[in-house]
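Inspection log for the structure reproduced underneath, given as structure tokens.
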Amino acid sequence: MSTSDTQESISNFGQHMGYSLAEWAEESASIALTIADCHLNSAGIMHGGVLATLIDTACGYTLIHNPDPAKRRRAVTLSLNTQFTAAANVGDKLLATGILKGGGKHIKFLSCDVKNQHGQLIGHGEAVMKIL
């Protein structure tokens, strides 16, 4: 399934946030977002909730990938840990890349790095998710 085919599957929340699915493959997914004024906190830098959203979304897409669109998977987040390593500002182009680390039949462990257009690490996260 190509990313253009899956763009329709971006949730209403995702459309509101303005992110897009940049890459989607078995055991990996990347979410892209250009930081806008609406993503800023009162200090004028990216709100931490935006970073958490990107990490959760990249990990979720990583887990639900299935090359057969008729066999769409669903998952829920059980735990999400985030580390904030640098600020992001208006105009920064972020890429959150989730990867599957392991797990059992239904419970999976994933990680995600969020980098800006210069390759600088903006944040990192670990997720535990359950396939429904």
Side-chain angles (χ1 to χ4, degrees):
M1 182 181 293
S2 72
T3 56
S4 61
D5 294 336
T6 60
Q7 196 58 39
E8 294 175 4
S9 71
I10 297 292
S11 68
N12 287 337
F13 175 73
Q15 292 173 33
H16 176 75
M17 288 293 295
Y19 61 71
S20 62
L21 185 58
E23 295 180 32
W24 200 18
E26 191 70 31
E27 300 186 3
S28 179
S30 293
I31 302 296
L33 174 70
T34 300
I35 300 301
D37 287 331
C38 65
H39 299 121
L40 303 182
N41 62 20
S42 60
I45 59 175
M46 179 185 69
H47 190 284
V50 175
L51 180 75
T53 294
L54 291 174
I55 292 168
D56 187 52
T57 303
C59 288
Y61 268 101
T62 296
L63 189 55
I64 66 169
H65 181 271
N66 191 323
D68 182 353
K71 296 180 181 177
R72 188 171 183 171
R73 295 181 185 142
R74 299 278 187 214
V76 295
T77 304
L78 301 176
S79 173
L80 183 68
N81 295 307
T82 58
Q83 294 84 47
F84 307 92
T85 59
N89 301 293
V90 170
D92 282 346
K93 297 179 186 317
L94 303 185
L95 189 67
T97 302
I99 58 170
L100 180 65
K101 300 300 250 181
K105 183 176 181 180
H106 295 285
I107 306 296
K108 304 290 185 179
F109 301 91
L110 304 104
S111 69
C112 179
D113 283 340
V114 181
K115 296 181 179 180
N116 67 13
Q117 68 273 19
H118 306 294
Q120 179 185 20
L121 185 67
I122 301 301
H124 173 80
E126 302 286 334
V128 179
M129 296 186 158
K130 180 178 181 179
I131 297 174
L132 300 177

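Side-chain atoms are counted along with the backbone in the values below, which use heavy atoms only and exclude waters and symmetry mates.
H47 places no side-chain N or O within donor-acceptor distance of the main-chain N or O of C38, the cut-off being under 3.5 Å. Looking at D56, its side chain never comes within 3.5 Å of a backbone N or O of T53 through a donor-acceptor pair.
The shortest heavy-atom contact between A58 and A96 is CB-O, 3.6 Å. The nearest pair of heavy atoms linking L63 to M129 is CD2-CB, 3.4 Å. The shortest non-hydrogen separation linking I99 to S28 is CG2-OG, 4.1 Å. The two residues I131 and K105 have their closest heavy-atom pair at CD1-O, 4.1 Å. Closest approach of N41 to A43, counting heavy atoms only: OD1-N, 2.9 Å. Shown here for R73 and E26, the closest heavy-atom pair between the two residues is NH1-OE2, 4.5 Å.
Under a hydrophobic-cluster definition in which Ile, Leu, Val, Met, Phe, Trp and Tyr are linked whenever side-chain heavy atoms come within less than 4.5 Å, directly or via other members, L21 and L100 are assigned to different clusters. Under a hydrophobic-cluster definition in which Ile, Leu, Val, Met, Phe, Trp and Tyr are linked whenever side-chain heavy atoms come within less than 4.5 Å, directly or via other members, W24 and I55 are assigned to the same cluster. A continuous path of ILVMFWY side-chain contacts below 4.5 Å connects L80 to I122, so both sit in one hydrophobic cluster. Linking Ile, Leu, Val, Met, Phe, Trp and Tyr whenever their side-chain heavy atoms come within less than 4.5 Å puts F13 and I64 in one cluster.
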For the pair S79 and F109, evaluate side-chain contact (heavy atoms from CB on, under 4.5 Å) and give the outcome as yes or no after the intermediate values.
CA-CA 10 Å; S79 173; F109 301 91; over 6 Å; no

Test Q117 against D92 for side-chain contact (heavy atoms from CB on, under 4.5 Å), laying out the working first.
CA-CA 7 Å; Q117 68 273 19; D92 282 346; 3.3 Å; yes

Can you check side-chain contact (heavy atoms from CB on, under 4.5 Å) on L40 and V50, steps first, answer last?
CA-CA 9 Å; L40 303 182; V50 175; over 6 Å; no

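Among residues two or more places apart in sequence or in another chain, the side-chain hydrogen bond (donor to acceptor under 3.5 Å, both in side chains) test is passed with T85 by none.
The OH atom of Y61 sits 12.0 Å away from atom NE2 of H65, with the distance rounded to the nearest 0.5 Å. Here CD of Q83 is found 7.0 Å from CD of E126. Values are rounded to the nearest 0.5 Å. One distance of note links CD1 of I31 with CG of L94; it measures 12.0 Å at 0.5 Å rounding. Interatomic distance, K93 NZ to L33 CG, rounded to the nearest 0.5 Å: 10.0 Å. From L54, atom CG reaches atom OG1 of T97 across 10.5 Å, with rounding to the nearest 0.5 Å. Distance CE/M46 to CG/L51: 4.5 Å, rounded to 0.5 Å.
Between I107 and V128, some side-chain heavy-atom pair lies under the 4.5 Å cut-off. Counting heavy atoms from C-beta on, the side chains of V114 and L95 never come closer than 4.5 Å.
Around the NE2 atom of H124, the shell of radius 6.0 Å holds more than 12 heavy atoms that belong to other residues, nucleotides or ligands. Open room surrounds NZ on K115; 12 or fewer heavy atoms of other groups in view lie less than 6.0 Å from it.
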